[in-house]
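Worth knowing before you read on, the calculation uses all heavy atoms, side chains too, and leaves out hydrogens, waters and symmetry mates. Numbered from 1 within each chain, the chains take letters A, B, ... in sequence-line order.
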Amino acid sequence: MTTELITEVRNAQSMNAENTQFDVEIHHPQYGWIPYMLTPWDTDTTIDNAALLELIGSDYAPFSQSDHDARVAAFERDTRDVKLVLEVDPIVSNPLRWGDLSEQEQTEVSAYRTALLDVPQQSGFPNTISWPTKPSCL
Amino acid sequence: MGLETSTYVDGLNIANPAATDGLAQADDHIRLIKTVLKNTFPNLDGAVTATVANLNNTTAIPSTITDLGISDGSNGMVLSTDGSGNFSFVALPAGTTDTNYYVTGGSFSGTTLTLQRSGLSSVSISGFPQSITDNSQIGNGAGYITAASVPTQSTTTGDVGTYAFLMRSTSTAVSAANPGSTYSSSLYYTDRSASAVAGNVTSGTWRCMGYAAHLDRGTVWLRIA
């Protein structure tokens, strides 16, 4: 792979307290201005991330812990929503499938659904989450 | 009695006739002189105006072709001979029917290019690179390609040029990811079993190669930068 020379960056936003991860726009020689996520764990060498860091220098929006926590919280809510959509909704929204469950199973599913909905209310959310166990009938 | 026998001037004897010769031999001497003069200068039918210097060849060497008695031609003409000692300027032949002035063929051997010319000897130009005989010689060598390697596409997960099945978080944008759109953030490798965001975040820039609707449905993405 060839190395792309990036000479312009803009709208850099620090994504961590160490200022080693940035959400930034780069002026790519082939694609023009595109969004780019600069991370310290990137294994690709097509773009010289070290040179990109130098190019950003101190011209970036500082890391915001509250924004970071909001991103983590949103991510976990998304995870919760996917579980609801993929695991619970196909059962509870289908009268025939719901009717096939025993009363005990319906109680377990209802409790599981409630527990998922209450995940954001856990005291450790979003950094420490106790995910409810999916009932065996699901 | 002195009367020499001579054909040209250089054969005349300046001692003849002797002072004691009879007058009756005078006409013989006059005829001899006239004979050698005509033999020596057979074509002088006019006055010879050349100076002594001219005749002694002390003048400058002719500097132009017209000094040699050849009429000048036009620009681009070449000097031609009729094979009888007569020269004239002629125009180069037009068209392809006459190849007298052109290269008629050539060959390349080793590092030497040889050109055959019609009516002239061949000329050779050496110093060309050797012919490439196998793929190992395609590369950056001393003056010519000697070896090359085919560019390889990285297969490392997440590198540019690789595809990945990713999910796009709705935390920052709730719109669907349309085919061809590019994103840099909110793309995750996660199967939703992990809760650590940082380790699952993709690096670089990705192009949506499928369609991802709301609620984080995953699709195929291509890393472009």
Side-chain angles (χ1 to χ4, degrees), chain A residues 1-4 6 13 15-16 18 20-47 49 52 67-87 89 119 124-131, chain B residues 149-164 166-177 180-208 212-219 221-225:
Chain A
M1 300 294 288
T2 57
T3 299
E4 302 289 357
I6 306 299
Q13 166 70 59
M15 301 297 285
N16 60 8
E18 297 79 19
T20 57
Q21 181 185 351
F22 287 91
D23 192 2
V24 62
E25 291 180 62
I26 62 173
H27 196 199
H28 194 277
Q30 181 178 356
Y31 304 115
W33 285 105
I34 55 174
Y36 186 85
M37 180 62 76
L38 191 161
T39 67
W41 57 82
D42 192 358
T43 58
D44 188 79
T45 56
T46 305
I47 292 177
N49 284 337
L52 213 55
D67 287 347
H68 178 266
D69 291 344
R71 283 193 297 272
V72 175
F75 177 84
E76 300 302 357
R77 283 194 182 90
D78 290 341
T79 302
R80 184 272 317 269
D81 291 345
V82 169
K83 289 178 179 293
L84 286 169
V85 169
L86 298 182
E87 297 172 355
D89 287 355
V119 161
F125 184 86
N127 297 313
T128 303
I129 298 174
S130 176
W131 289 101
Chain B
S149 58
V150 177
T152 56
Q153 168 61 52
S154 172
T155 55
T156 302
T157 301
D159 277 5
V160 169
T162 62
Y163 286 81
L166 303 174
M167 290 188 177
R168 179 166 176 257
S169 172
T170 61
S171 61
T172 56
V174 294
S175 60
S181 56
T182 56
Y183 294 92
S184 63
S185 58
S186 306
L187 291 171
Y188 304 96
Y189 290 112
T190 182
D191 62 354
R192 293 301 184 189
S193 62
S195 60
V197 174
N200 292 322
V201 173
T202 57
S203 305
T205 307
W206 294 76
R207 172 176 291 156
C208 181
H214 61 87
L215 283 179
D216 298 344
R217 300 302 172 92
T219 189
W221 297 76
L222 169 66
R223 183 171 179 183
I224 63 172

**Fill in**
side chain to side chain contact (heavy atoms under 4.5 Å, CB included) test vs B/D159 passes for just one of A/T46, A/T45, A/T43, namely A/T43

**Asked** Among A/N49, A/L38, A/D23, which residue forms the greatest number of heavy-atom pairs with chain B at distances under 4.5 Å?
**Response** A/D23

**Prompt:** Is there a side-chain contact between B/S184 and A/I34 (heavy atoms, below 4.5 Å)?
**Reply:** no

**chain B contact via A/D42 - side chain, backbone, both or neither, heavy atoms under 4.5 Å** = both

**Request:** Nearest 0.5 Å please: distance from the OG atom of B/S154 over to the CG atom of A/D44.
**Result:** 6.5 Å

**Asked** Is chain A contacted by the side chain of B/T156, its backbone, both, or neither, given a heavy-atom distance below 4.5 Å?
**Response** side chain

**Prompt:** Between B/I224 and A/Y31, what is the shortest heavy-atom contact and its length?
**Reply:** O-CE1, 3.4 Å

**Prompt:** For B/T162, is it the side chain, the backbone, both, or neither that has a heavy atom closer than 4.5 Å to a heavy atom of chain A?
**Reply:** neither

